[in-house]
Amino acid sequence: MNVFTHFRGVIDERLNELATNGDLPVDIDLKNVSVEPPRDASHGDIATNAALVLSKQAKRKPRDIAEMLKPKLEMVDAIEMVEIAGPGFINMRLSAGFWQEQIRSILASGTDFGNSDTGADTPINVEYVSANPTGPMHVGHVRGAVFGDALANLLDKAGFKVTKEYVINDAGSQIDVLAKSAYLRYREAFGEDIGKIPEGLYPGDYMIPVGERLKDKYGDKFLNADEAEWLSIIKLDAVDAMMDMIKDDLKALGIEHDVFFSEKTLHESGRIDEAIDVLRERGHIYEGVLEPPKGKLPDDWEEREQTLFRSTDFGDDVDRALKKSNGDYTYFGADIAYHYDKYQRGFKDMINVWGADHQGYIKRVQSAIKALSGDGSLDVKVCQLVHLLRDGEPVKMSKRAGTFITLREVVDEVGRDVTRFIMLTRKNDAPLDFDFSKVMEQSKDNPVFYVQYAHARICSVLNRAKDTFANIDTADGSLQNADLSRLVSDGELMMIKQCCAWPRMVEAAAEAHEPHRIAFFLYDLASEFHAFWNKGNDNPSLRFIIDGDIEVTKARLALIRSVALVIASGLAILGVEPLKEMR
RNA sequence: GGUCCCGUAGCUCAGUCGGAUAGAGCACCAGAUUCCUAAUCUGGGGGCCGGUGGUUCGAAUCCACCCGGGAUCACCA
């Protein structure tokens, strides 16, 4: 249960009563009323701005409305105290009993705690990674991959029906290059000395096994054949080989897509013509000449007539070309068909995760979706660069020279969990430093460790309880029966409240499409817990395991088990395994 | 020149559909281990939230215009 949503409902009811009684206008609009935790805990547990928001509509002073609402709220069982503060905020304190009961429901829900139905099973498509199938994934892909995956998990938890999608760009000229590179390695597999890989082909060693694979599959069939004979066939094999490699890389990060969509199929099936015809019928396509870009002209600029999409009608800056000079569709042309296809598959909500270099591409795709669908919407999440460091020094990489750092190298060195968590410790649109030395540090400077450590500590306490009480049952089902009214200290109630904020956090993060909020929340929760733990150092009566008092012990175990469940539930969104011990 | 992103403590960054006295970590200073993992915790100093106007009960948050940093800019994908 989301505590705040629950009381939002309660407050709405009482406001409607006031409207029925004639104290407020009958047609009063409650949509701006919010119920949230006050920033300052001394103001109580929940606060509402209802009186302030409704003041104008009701043509009454905020304090008057607050005074009318106050007695009605005081009658609610769980509400212990109601106070009007400042310009008209209504602060409420909830009873300890109410909070204690929440532990029971957290234990009953397990790691499903925080699941929400705000998504209402709405289909939503999250497209991420979509690295070109021309080589292994490199470090530049990692952030988008992790971000997209965590966002998809988050939306799933919030009740959306999520499809994780990868579009394979298997149609462009880079695939010809790939096939030629593979063919060279194929000849090499027969013992031919191919010398230095010619400029313009992919030089990486990862192409060698592809050559072997072709040799095994086709024997010497293509050895003396014309390019026209082998090109289209080897393209397929080469792309397959690249995708196998990429899927392996993704697996190392714990990522598995539901759908791999082939761009090539759009070209072959005439779907691009179809989508563009739709646009043409609606009058959004014309043959014309684009203005040269303002500012510095590209050296090889020439005026030419092109098939253009009038994206400026939908908020773009200039109209966009759909066909290349050789008559083929541009990537944008194919992309229009791709997004139209997604829409026709039932996705009105689409999210794409792109690198920072694609920012300028956003408006045109959104324009196309508007022009084609009317009610479809695309949110593009742009991930800024990751600065790789080692001991504070930049790690050089050069994609051109083939010496780029691969995703695999990063994961092999620091592990999947660390890679994933650290990538989510910044907003997607802020650059991120990734220091190989720092992320492996076992200290509170390192948020992964800090959160994991809290979880491990809890598991450790649950185990140790058996040393003190031989017969104690620490299973969730048993802890649910603990006498939770024994949880009365400030620290204990704080922990409960923090856990109860979890569902609200999930909903807010999902709505904003911001999985990093989960990482920050977990850090805060871990911090609460570590503080609580240390109180037992100063005051033994605040320890979790109290020798001779099994009831208090069980109640406290129920509490910290709830904390562990929230941490595990959050880590699951991030795709990180909660650790039971860290020795 | 256009577009997009960023600008919050010395440093790295959070900041909830606009909410009350703007938060955390690092660094700095002072403390806490016969004790469930000190791999942790407690306390302290430190801010014209880039600037100027506007919107309103109320702005770090929304709008306009500036300043500074980054990315990107006809047929590549």
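None of the values given here were measured: they were computed from a predicted structure. Order of the sequence lines sets the chain letters (A, B, ...), proteins ahead of strands, with each chain counted from 1.
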Among the nucleotides [options], which one has an atom lying closest to any side-chain atom of [X]?
{"X": "A/E263", "options": "B/rC36, B/rA77, B/rA39", "value": "B/rA77"}
{"X": "A/K324", "options": "B/rU37, B/rC4, B/rC75", "value": "B/rC75"}
{"X": "A/Y523", "options": "B/rA24, B/rA20, B/rU42", "value": "B/rA24"}
{"X": "A/R426", "options": "B/rA77, B/rU37, B/rU12", "value": "B/rU12"}
{"X": "A/Q359", "options": "B/rU40, B/rG19, B/rC4", "value": "B/rC4"}
{"X": "A/A47", "options": "B/rC41, B/rU16, B/rA20", "value": "B/rA20"}

5' to 3', nucleotides 59-64 of chain B under a 4.0 Å protein heavy-atom cut-off (B base, S sugar-phosphate only, - none) gives -B----
task = Would you indicate, yes or no, if B/rC36 has its OP1 or OP2 atom less than 4.0 angstrom from a side-chain nitrogen or oxygen of A/R556?
result =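 No.
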Give a yes/no answer on whether the side chain of A/H530 brings an N or O atom under 4.0 Å of OP1 or OP2 in B/rC36.
no
Donor-acceptor pair (no angle test) under 3.5 Å: [X] side chain, [N] base:
{"X": "A/R304", "N": "B/rC75", "answer": "yes"}
{"X": "A/N91", "N": "B/rA20", "answer": "yes"}
{"X": "A/R504", "N": "B/rU16", "answer": "yes"}

Residues passing the ring-ring contact (aromatic ring centres under 6.0 Å, His included) test with A/F436, sequence neighbours excluded, are A/F434
Given the 90°-from-0 boundary between syn and anti, B/rU33 should be labelled syn
When A/M582 and A/N537 are each assigned the nearest nucleotide of RNA chain B, the 5'-most assignment goes to A/N537
Lys/Arg-Asp/Glu bridge criterion (N-O < 4.0 Å) met for A/K427, A/E514:
no
Does the ring of A/F89 meet both stacking tests against the six-membered base ring of B/rA20: centre distance under 5.5 Å and plane angle under 30°? yes
* Listed in order of residue number, which residues of residues 325-336 of chain A have a non-hydrogen atom at under 4.0 Å from RNA chain B? ->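 Close to the strand are A/S325, A/T330, A/Y331.
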